[in-house]
Amino acid sequence: MARYARAAAEPIRYGIRWGRAGAVAGVSLGLLGSMTALVTTNALAAYVTVSSQSKPSEFNTSKLTGQDVAFGMVQSDVNGTIKPVLRAGFASATLDGFCVSKTENVLGLFDVTLKVTSGNGAAGDDIVASNASFDLTELRGTTINLEGKDQVGQATADMTTTKTGGTFDTNPLGAPTGGYGAGWVGIDASKGTLSGLKGKLYSVEIQGDITLPNLSIGVTGASGFACNTVAGTTN
């Protein structure tokens, strides 16, 4: 009897027990999928999209310099809900490093953070992008300089960023032209330099080329992994 009772007992388990590790891996892959544009190559071409739909990501860069710059309110689909956001558009832009991080909670038990960084670790513009736009709910900088022809209070639908055949494209930020949001305004400038820039980011869209030196993507459940919020840092 003892022998048969022993045979019916639960067998010894070998191998990996996934448990929490499996949950971390699953959520990590989901977070990575929500930022599908960032891949481990130095040059990307034509239409890059980074989306952070459920809640904003933390974003910072030591410096962003843009040509034909516009900041205006638009409506954006955020996790299935249309919300007003600040859209920053640039015909071309250079950045001195950048960091984007997003933290999600797993089943109310623990956090998982995805962090993406790029830059050569030295002062100076090292990231180049064209036809870029950022959807944000918060934007702050230690210094913001606007140069050339600056217009404050211009209708968002009349902003000037990208050109086709030497002529500015109509409504490049995709602002509402009727109904709710039709009267929203913003800032339009020939050139803008924003230093110590940080904010909360919902999405990035780049329809031109982008160069990302030393691109790094990491996922962890550890604390202290989010982007450094001190202005002027990129990690």
Side-chain angles (χ1 to χ4, degrees), residues 37-38 41-50 59-74 76 85-100 116-120 122-175 184-215 231-234:
L38 296 177
T41 59
N42 279 340
L44 304 178
Y47 213 85
V48 171
T49 301
V50 179
F59 165 81
N60 77 34
T61 178
S62 292
K63 186 176 70 172
L64 186 155
T65 302
Q67 299 289 338
D68 291 320
V69 181
F71 302 91
M73 295 297 296
V74 301
S76 182
V85 298
L86 173 67
R87 180 164 295 170
F90 307 87
S92 63
T94 59
L95 294 85
D96 181 9
F98 85 91
C99 175
V100 178
V116 180
T117 61
S118 177
N120 60 15
D125 297 335
D126 48 9
I127 299 168
V128 181
S130 59
N131 197 355
S133 64
F134 302 77
D135 283 356
L136 310 111
T137 55
E138 182 180 313
L139 181 66
R140 290 177 290 166
T142 56
T143 305
I144 298 178
N145 292 322
L146 301 178
E147 304 174 31
K149 183 181 179 181
D150 307 330
Q151 299 186 66
V152 179
Q154 180 166 313
T156 304
D158 295 331
M159 296 295 178
T160 55
T161 58
T162 56
K163 293 181 179 180
T164 301
T167 302
F168 282 112
D169 296 327
T170 301
N171 194 7
L173 299 188
W184 286 340
V185 298
I187 300 173
D188 190 272
S190 300
K191 180 180 179 180
T193 302
L194 300 88
S195 301
L197 188 64
K198 57 182 177 180
K200 297 186 182 299
L201 176 74
Y202 268 113
S203 67
V204 178
E205 184 175 280
I206 300 170
Q207 297 187 38
D209 296 342
I210 181 170
T211 300
L212 299 170
N214 300 323
L215 182 65
T233 63
T234 55

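The figures that follow rest on heavy atoms only: side chains count, while hydrogens, waters and symmetry mates do not. It should be emphasised that the depicted structure is a prediction, and the values quoted were computed from it without experimental measurement.
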* To the nearest 0.5 Å, what is the distance between CG (L146) and CZ (F71)? -> 6.5 Å

* Which heavy atom in S76 sits nearest to a heavy atom in V85, and how many Å separate them? -> CB-CG2, 3.7 Å

* Asked: Distance from N214 atom CG to N120 atom CG, nearest 0.5 Å?
  -> 7.0 Å

* **Intermediate values then yes/no, side chain to side chain contact (heavy atoms under 4.5 Å, CB included), K63 and L194** => CA-CA 6 Å; K63 186 176 70 172; L194 300 88; over 6 Å; no

* **Spacing of CD belonging to E138 relative to NZ belonging to K200, to within rounding of 0.5 Å** => 5.5 Å

* Which heavy atom in T117 sits nearest to a heavy atom in C99, and how many Å separate them? -> CG2-SG, 3.8 Å

* For T94 and I127, what are the C-alpha separation, side-chain angles and deciding distance, and is it a side chain to side chain contact (heavy atoms under 4.5 Å, CB included)? -> CA-CA 5 Å; T94 59; I127 299 168; over 6 Å; no

* By salt bridge (Lys or Arg N to Asp or Glu O under 4.0 Å) - contacts of D135 (at least two apart) -> R87

* To do: Could you tell me the separation between the NZ atom of K149 and the OG1 atom of T160, rounded to the nearest 0.5 Å?
  => 7.5 Å

* Asked: Side chains of L64 and T193: does their closest heavy-atom pair fall under 4.5 Å?
  -> no

* **side-chain contact (heavy atoms from CB on, under 4.5 Å) involving A70 - partner list, sequence neighbours excluded** => M159, T161, L173, D188

* So D169 and T164, side chain to side chain donor-acceptor pair (under 3.5 Å) or not? Walk me through it. -> CA-CA 6 Å; D169 296 327; T164 301; 2.6 Å; yes

* Can you say whether the rings of F59 and F134 are parallel (under 30°), tilted (30 to 60°) or perpendicular (over 60°)? -> tilted

* Decide yes or no on side chain to side chain contact (heavy atoms under 4.5 Å, CB included) for Q154 and V185, but give the supporting numbers first. => CA-CA 5 Å; Q154 180 166 313; V185 298; over 6 Å; no

* Answer with yes or no whether the side chains of T162 and N131 bring together a donor and an acceptor at under 3.5 Å. => no

* Structure fact -> N60 and K198 have their tightest heavy-atom pair at CB-CB, 3.7 Å

* Hey, is the main chain of S195 close enough, under 3.5 Å, to the side chain of T143 for a donor-acceptor pair? -> no

* Asked: Does A175 have any side-chain contact (heavy atoms from CB on, under 4.5 Å) partners at least two apart in sequence or in another chain, and if so, which?
  -> V74, T156, A157, N171

* Can you name the nearest heavy-atom pair linking S130 to I206, along with the distance? -> O-CG2, 3.3 Å

* To do: For side chain to side chain contact (heavy atoms under 4.5 Å, CB included), just list the numbers for L86 and L139, CA-CA rounded to whole Å, side-chain angles, deciding distance to a tenth of an Å, and then say yes or no.
  => CA-CA 9 Å; L86 173 67; L139 181 66; 4.1 Å; yes

* F98 vs L197 side-chain heavy atoms within contact, under 4.5 Å -> no

* Which pair of non-hydrogen atoms, one from P213 and one from S118, has the smallest distance, and what is that distance? -> O-OG, 2.8 Å

* When rounded to the nearest 0.5 angstrom, what is the spacing between CG in D68 and CZ in F90? -> 11.0 Å

